[in-house]
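Okay, so here's the structure we're looking at.
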Amino acid sequence: MVIEFKYFGYWYFTKKIEWGSYLIHTVLLPPVNMMFLNWYPFNKKIGIKIFYILFWSLGCLLYELITLLPEPIGYFHYGWWNIWNSAIENPFLFVILLFYYKWICKIEAKIKNPNV
């Protein structure tokens with residue numbers, strides 16, 4: 001959000017804060033995160049986990065490239081940001097999402113069973 005609204009690295013639709021970009025942040029991104037976590041191979045080998053993260057990162061990059069198309073289809077615009085920034089950032093964001101999820105699961109487990 002800081003890169004988008006403060007530094008104008010990229011934006012949806014226009015550079016202004018508007019309902020369309022609010023919908024992207026609230027209706028599109030959370031379900032993608034939930035699907036990533038829902039299908040994540042928690043009990044598989046590390047190689048499969050790395051492949052899974054890279055697969056989702058590639059999917060996000062393809063989606064980003066589609067949204068960069070001209071206006072009837074595309075609604076995403078770059079300022080100083082570029083596709084390579086996203087290619088580097090996305091795997092880290094997925095790993096952070098996994099750590100956050102595991103942290104929340106530990107907190108929930110302590111709440112359910114405080115004696116452990």
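From a predicted model like this one, the values you see are computed outputs, not experimental measurements.
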Query raised in the report: Has Asn38 got more than 12 heavy atoms of other residues, nucleotides or ligands less than 6.0 Å from its CG?
Result: yes

Is [Y] reachable from [X] through a run of hydrophobic residues whose side-chain heavy atoms are each under 4.5 Å from the next?
X: Trp84; Y: Trp81; result: yes
X: Val95; Y: Leu37; result: yes
X: Met35; Y: Ile53; result: yes
X: Leu97; Y: Trp39; result: yes

Query raised in the report: Just how far is it from atom CG of Leu93 to atom CG of Leu98, taken to the nearest 0.5 Å?
Result: 11.5 Å

**Report entry** Euclidean distance, Glu89 CD relative to Cys60 SG, rounded to 0.5 Å
**Finding:** 10.5 Å

Query raised in the report: Under a 4.5 Å cut-off applied to non-hydrogen side-chain atoms, are Asn90 and Leu58 in contact?
Result: no

Requested in this report: Among residues two or more places apart or on two chains, list those pairs meeting side chain to side chain donor-acceptor pair (under 3.5 Å) that have a residue in residues 47-62.
Outcome: Tyr52-Trp56

Query raised in the report: By side-chain contact (heavy atoms from CB on, under 4.5 Å), which residues pair with Ile83, not counting sequence neighbours?
Result: Leu61, Glu64, Leu65, Tyr78

Report task. Please identify each residue that fulfils side-chain contact (heavy atoms from CB on, under 4.5 Å) with Ile50, with sequence neighbours left out. Result -> Ile46, Leu54

Query raised in the report: Between Asn113 (side chain) and Ala109 (backbone), is there a donor-acceptor pair under 3.5 Å?
Result: no

Requested in this report: Using the test side-chain hydrogen bond (donor to acceptor under 3.5 Å, both in side chains), find all partners of Asn85 that sit at least two apart in sequence or belong to another chain.
Outcome: Asn82

Report task. Please go through Ile104's hydrophobic cluster and name the other residues, only I, L, V, M, F, W, Y counting, with side-chain heavy atoms under 4.5 Å joining them. Result -> Tyr100, Trp103, Ile107, Ile111

Query raised in the report: Which other residues belong to the hydrophobic cluster containing Ile88, where Ile, Leu, Val, Met, Phe, Trp and Tyr are joined when side-chain heavy atoms lie under 4.5 Å apart, directly or via other members?
Result: Phe92

Query raised in the report: Does Phe42 have any ring-ring contact (aromatic ring centres under 6.0 Å, His included) partners at least two apart in sequence or in another chain, and if so, which?
Result: Tyr40, Tyr101

